[in-house]
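Notes follow the structure.
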Protein chains: 2
Amino acid sequence: MKITMAAEYAVRCVLYLAQQGSDVLVNRQEIASQARIPDSFLTKIAQDLARAGIITIKQGAKGGYALHRPPRQVNMLEVVEAIIGEISLNECVTKPAACPASPNCAANLVWQEARRRVRDTLRAADFESLAQAGACVSPFPPPPSPPETRP
Amino acid sequence: MKITMAAEYAVRCVLYLAQQGSDVLVNRQEIASQARIPDSFLTKIAQDLARAGIITIKQGAKGGYALHRPPRQVNMLEVVEAIIGEISLNECVTKPAACPASPNCAANLVWQEARRRVRDTLRAADFESLAQAGACVSPFPPPPSPPETRP
DNA sequence: GATAAATAAGACTAAAAAAATCCTATTTAT
DNA sequence: ATAAATAGGATTTTTTTAGTCTTATTTATC
């Protein structure tokens, strides 16, 4: 029930790029070290992200990666699914053939609902917000701040 | 990002027991064949369920498994987590040590939110509802039924 | 109390997936 | 032409999952 490391790395990679702003080319080693991603692994991840139209790869000397779109238009769901494929929590939902009873199974609907909610949550998180939030803030309503104690 | 087969089997096992009603002892082979669970694998799963206080195991001749509580008081979250441990979608949330930046990471909060929603959804699904729903109905508001065509 | 019918418990194995790594090829700025 | 980058695929290692097997224990029944 875990996202893979590759997907986590992908999110960190795109988040790092988003922090630099749109269209800024960053070389792979910098991304790898700053986002703590094994450099050689990042090549694989970047290829998936590029195929999904999330980043642009420039080869050759002075090459590197950049966001392909404004960070506002990229969300966590896209990034994660670019790496691991469409999220689904169980077999029943993915391959109905695996469970002949699935259309008659109430549990199946619960899995579908859970899946929908995870995907909605990730979809709501765009990288402009994430990058702006930066330290410790979230795209969700933050907890009310404690009343000021000093005038 | 998948639940394990063991967890799916556990849900089916408990669902099958819930359908028989509370306190009805069912032998393992019956459960295994009806819920399509490899018989020997079910022994492992049952042990976890028993440890979690979800089922009762009776050994010896005429032994078998039964729900330990009314189905109303058992939910999918419990059953799943009895098998795979507490659900968490990524490392950042589970082991903060793995990511020194986690308290400063907006993505982390999104993961936490997603996790919360999955767990809430599974928690809301109790086995009385699931068993009653039986065919094709869900614990979530069902789609409006089509108008009757025959008086 | 002996026996047969059940499950327990844990060691073990096989298969699949995840996480990298490595090597050769290609692209591009200078 | 050269050096600095990335591409892409093959390969490897590690971890997890899924399942099996064997021996031991429990309990109803005769």
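Since the model is a prediction, treat every value here as computed from it, not as a measurement. Lettering follows sequence order; numbering is per chain, from 1.
For the pair A:I37 CD1 and C:dA18 C1', the computed distance is 16 Å after rounding to whole Å. As rounded to whole Å, 20 Å separates atom P of D:dT2 from atom NZ of A:K62. Remark: C1' of C:dT7 and CD of B:E30 are 16 Å apart, rounded to the nearest angstrom. As rounded to whole Å, 12 Å separates atom C1' of C:dA29 from atom CG of A:L25. One can place CD1 of B:I84 at 9 Å from P of D:dT17, the figure rounded to the nearest angstrom. Whole-Å rounding puts the A:I3 CD1 to C:dA17 C1' distance at 14 Å. The CZ-P distance, from B:F41 to D:dT16, rounds to 15 Å in whole Å. When rounded to the nearest whole Å, the span between CG of A:L42 and P of D:dA5 equals 15 Å.
For A:A61 and A:A50, each mapped to the nucleotide of DNA chain D holding its nearest heavy atom, the one lying further toward the 5' end belongs to A:A61. Residues B:K44 and B:K58 both approach DNA chain C. Their nearest nucleotides, taken by heavy-atom distance, put B:K58 toward the 5′ side. Along DNA chain C, the nucleotide nearest to A:T43 and the one nearest to A:A6 differ in position, and the one closer to the 5' end is contacted by A:A6.
Remark: A:D120 engages A:R116 in a salt bridge, criterion side-chain N to carboxylate O under 4.0 Å.
Judged purely by distance below 3.5 Å, without hydrogens or angles, the side chains of A:T121 and B:R117 pair a donor atom with an acceptor atom.
Looking at heavy-atom distances under 4.0 Å, B:Q29 makes no contact with the nucleic acid at all. Note on B:A46: nothing from the nucleic acid sits closer than 4.0 angstrom, heavy atoms only. Residue contacts shown for B:T4 are limited to sugar-phosphate atoms, with no base heavy atom under 4.0 Å away.
Taking 4.5 Å as the limit, some side-chain heavy atom of A:L77 sits within range of a side-chain heavy atom of A:I87. Here the side chains of A:R72 and A:F127 are not in contact, with every heavy-atom distance at 4.5 Å or above.
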Worked check of side chain to side chain contact (heavy atoms under 4.5 Å, CB included) between B:D23 and B:H68: CA-CA 7 Å; B:D23 274 332; B:H68 183 58; over 6 Å; no
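For the OP1/OP2 pair of C:dT28 and a distance below 4.0 Å, the side-chain nitrogens and oxygens of A:Q59 include no atom meeting the criterion. One finds no side-chain N or O of A:Y65 lying less than 4.0 angstrom from the OP1 or OP2 phosphate oxygen of D:dA5.
Nucleotide D:dT12 has C:dA19 as its partner under the Watson-Crick or G-U criteria, with both atom distances under 3.5 Å.
Comparing D:dT6, D:dG8, D:dA18 by their nearest atom to the side chain of A:Q47 picks out D:dG8.
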